[in-house]
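Order of the sequence lines sets the chain letters (A, B, ...), proteins ahead of strands, with each chain counted from 1. Below, each value reflects all heavy atoms present in this structure, side chains not excepted, and no hydrogens, waters or symmetry copies.
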Number of protein chains: 2
Amino acid sequence: MADVNLDEKDFEILRWLDREGDVDVDELSEKLGISPSTVYYRMEKYREQGIIDGKVPQLDQKKLGLNLTAISEIKSEYGPGYDEIGERLSNLSGVQTAYFMLGEKSFILIAHLRDHDHLQKFVDDIIHTEGVSHSATHIVLKTFKDEPRLLVNYEDEDLEALRS
Amino acid sequence: MADVNLDEKDFEILRWLDREGDVDVDELSEKLGISPSTVYYRMEKYREQGIIDGKVPQLDQKKLGLNLTAISEIKSEYGPGYDEIGERLSNLSGVQTAYFMLGEKSFILIAHLRDHDHLQKFVDDIIHTEGVSHSATHIVLKTFKDEPRLLVNYEDEDLEALRS
DNA sequence: CGCGTCTTCGACGTGCTCGTCGGTGCAGGC
DNA sequence: GCCTGCACCGACGAGCACGTCGAAGACGCG
């Protein structure tokens, strides 16, 4: 459940996979100087342990017409039932990410939308969600970075610290 | 550059790919009742047009030891040079997403971190970034949703509206 | 030392996927 | 009416990536 023991070799493999999702076992084996069957053996474990859960094709938001990114900060009525509200918000059409923030009793949503009409519908959806008492939605003017790959974002130093 | 003309069939293919990244051409062909070569033909176009840009293996943050998610709101000094500051912030170790917000002259960063030590280093990095005048970093208490796949987040109605 | 488990290795075959190709039909332009 | 381009189809073959297996090395533990 928590974390798993991963040595240097594991991280080498995972970094390659992360960076270039399309590498196959033989290629990896060659790059790292490890036998293909060993690479296979390790990758099998990652899957079993749930460290890797399938592959996701990267779709281009803008080319699909989702030109607008919105961030909403949402406050809910005081009391229990956060989980339910969180679930409801998560299920709103267009929501990609839903966080519950420490200390502020508020949710953060990230959504990708088509245009202003879509945005209006989205805000309506939020307002009409049961338990929501206040919301503020902000528009992203420029996306400097939106990196679906995980490990490429870290300096070597930080990655080394992840080994156990 | 902008969006592309995608018909219903295109969206069927893309939704399948998005939902189950591991389907192959033959499988898709069978599910949709289209010839394999046609599926291939269309998918080739998606790649050419950049609608699909490779596949990314899904790594589990928590199992890798990245248990902490932080959201930072950052204000910069008044004046030009936003692009540079945005770039600098994007390159900080651990940052996965960096947005520049409309109207508020501020940046939003999303980062995945190991622990409080790592968080401290992260905040330090932000503070020491040239051009940053103010920052507030919030901790995510619970992640309700963090869906790397794009299209699964939308109701049918909204997807239909994307067709042109 | 001796046992068991984990890890690595190289070899192997085979099933399957990819990508190509030739041909067809449709639509639009001139 | 013809030509061109686009979308689609079905068949085909070559390559190869996957996954298995048996054996051997490394390691920990009693």
Visitor: Round to a whole Å and report the spacing from NZ of A:K9 to P of C:dT7.
Guide: 11 Å
Visitor: Using atom types as modelled and distance alone, determine if a side-chain donor or acceptor of A:D10 lies under 3.5 Å from a backbone N or O of A:D7.
Guide: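 Such a contact is found between A:D10 side chain and A:D7 backbone.
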Visitor: Verify, without hydrogens or angle tests, whether A:S90 (side chain) and A:A98 (backbone) share a donor-acceptor contact under 3.5 angstrom.
Guide: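 Not at all, since once roles are kept as given, no pair shorter than 3.5 Å links the two residues.
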Visitor: Under a 3.5 Å threshold, yes or no: a donor from one side chain and an acceptor from the other, between A:N91 and B:K145?
Guide: no
Visitor: To check you understand the geometry: which heavy-atom pair defines the closest contact between A:V25 and A:P36, and what is its length?
Guide: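 Closest approach of A:V25 to A:P36: CG1-O, 3.3 Å.
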Visitor: Check DNA chain D against residues 26-59 of chain A and give the residues with a non-hydrogen atom under 4.0 Å, in numerical order.
Guide: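 Heavy-atom cutoff 4.0 Å gives A:D26, A:S37, A:Y40.
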Visitor: Just how far, in rounded Å, is P of C:dC16 from CG of A:D24?
Guide: 18 Å
Visitor: Within this structure, what is the CG-to-C1' distance between A:D22 and D:dC16, rounded to whole angstrom?
Guide: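 My rounded result for the distance is 16 Å.
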Visitor: Quick one: are the ring centres of A:F100 and A:Y82 less than 6.0 Å apart?
Guide: yes
